[in-house]
**Student:** 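Okay, here's the structure, questions in a sec.
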Amino acid sequence: IDPSNPQVVYAGTQNGGVFKSVSGGTFWTAASAGLKNTNLRPALAVDPSNPQTLYVGTDGGGLYKSTNGGTSWARADSGMTSFAERVVVALAIDPSGPDTIYAGTKGGPFKTTNGGVSWKPISNGLTSPKVTVFAIHPFNPQIVYAGTGGGGVFKSVDGGANWAPVNAGLSYTFINALAFDPSRPDTIYAGTWDFQFFKDGGIFKSTNGGGNWTKVDPWPGNMMIIALAVDPLNPQTVYAGMGGGVLKSPDGGSTWTMVNIGIPVNALAIDRTSPQTVYAGTNWGMFKSLNGGNSWAAANIGLVNTDVRSFAVHP
């Protein structure tokens, strides 16, 4: 969501590229000109200081940058040379210095300090190079967390130069999502799953900057948590996207309820100016709630999928 105009929303799709809405998700138009690869990983980021600047990661096609709100895109991944490094699965922009960006790739994490002109690897201390998600401390950008695909959570206190594992209490080491409590940034949530069995996982919470984690969901497994979002105005309200829908906690993870059932959720976003407005990107398209997840409506007009799998011809 554009932080300066919540009516402007971007969606990254599998095999369909980027779409843009200027009507809060009511209508969508394609915004992929220049993208050579439209199979997008869950890596799409808007520069908070200049929302016309966006970055998107693709599945094997590298990283692209737009400086005109998605009207056109150009490659911006110098330094990412191998195919694995061009599979970009995570992006995070330093809010205090938006030329500093972290990118997680299948070949390891990278960092740029010049807005994507050039990238350097930042793997020192990482025992699991595949970074699936980054979270930058909202008050101290030198503190960065990296969730990995099999190694759990790592923490850096020097802007990614060095990493150390912070996994005490984590039962699952495949991390799909990380989210801060913006009012108390030593509090961080992790969404996990068991990659080996493709089903088990859970929601974990740390209140001491990753020193130790506690499982806060009440289910004994079968919780493949894919996305997390914290209400910026009421941080006790937390949303979790999973294979079966959206979970919501009103009390910082102590209790959870299912607020929609049966829709596999891949991404969540909250409107900062009106946090009752929540978007859910799913296997069945985009959904939007105007009442904090109590009810949802499809928001897919113009949001087409180009992944054609079969044809049938009238005889």
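Here, residue 1 is the first one in the sequence, and each next residue gets the next number.
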**Student:** In the structure I gave you, are the side-chain heavy atoms of Thr237 and Lys248 within less than 4.5 Å of one another anywhere?
**Tutor:** yes

**Student:** Is Trp284 linked to Trp296 within one hydrophobic cluster, defined over Ile, Leu, Val, Met, Phe, Trp and Tyr using a side-chain heavy-atom separation of less than 4.5 Å?
**Tutor:** yes

**Student:** Between Trp193 and Phe174, is the gap from one ring center to the other below 6.0 Å?
**Tutor:** yes

**Student:** Using a 4.5 Å cut-off between side-chain heavy atoms of Ile, Leu, Val, Met, Phe, Trp and Tyr, which other residues end up in the same hydrophobic cluster as Val131?
**Tutor:** Tyr102, Ile122, Leu126, Phe134, Ile136, Val144, Phe154, Trp163

**Student:** Quick one: pull up CD1 in Ile270 and OG1 in Thr277 and give me the separation to the nearest 0.5 Å.
**Tutor:** 10.0 Å

**Student:** Between Val153 and Leu170, is any pair of side-chain heavy atoms under 4.5 Å apart?
**Tutor:** yes

**Student:** Please answer whether the main-chain N or O of Val246 pairs with a side-chain N or O of Asn260 as donor and acceptor at a distance below 3.5 Å.
**Tutor:** yes

**Student:** In terms of hydrophobic clusters joined by side-chain contacts under 4.5 Å, are Met80 and Val87 together?
**Tutor:** no

**Student:** Which atom pair, heavy atoms only, marks the closest approach of Pro235 to Pro182?
**Tutor:** CB-CD, 3.9 Å

**Student:** Same cluster for Val9 and Val46 if Ile/Leu/Val/Met/Phe/Trp/Tyr side chains link at under 4.5 Å?
**Tutor:** no

**Student:** Side chains of Met242 and Leu247: does their closest heavy-atom pair fall under 4.5 Å?
**Tutor:** yes

**Student:** So, do Ile143 and Lys155 sit near enough that their side-chain heavy atoms are less than 4.5 Å apart?
**Tutor:** yes

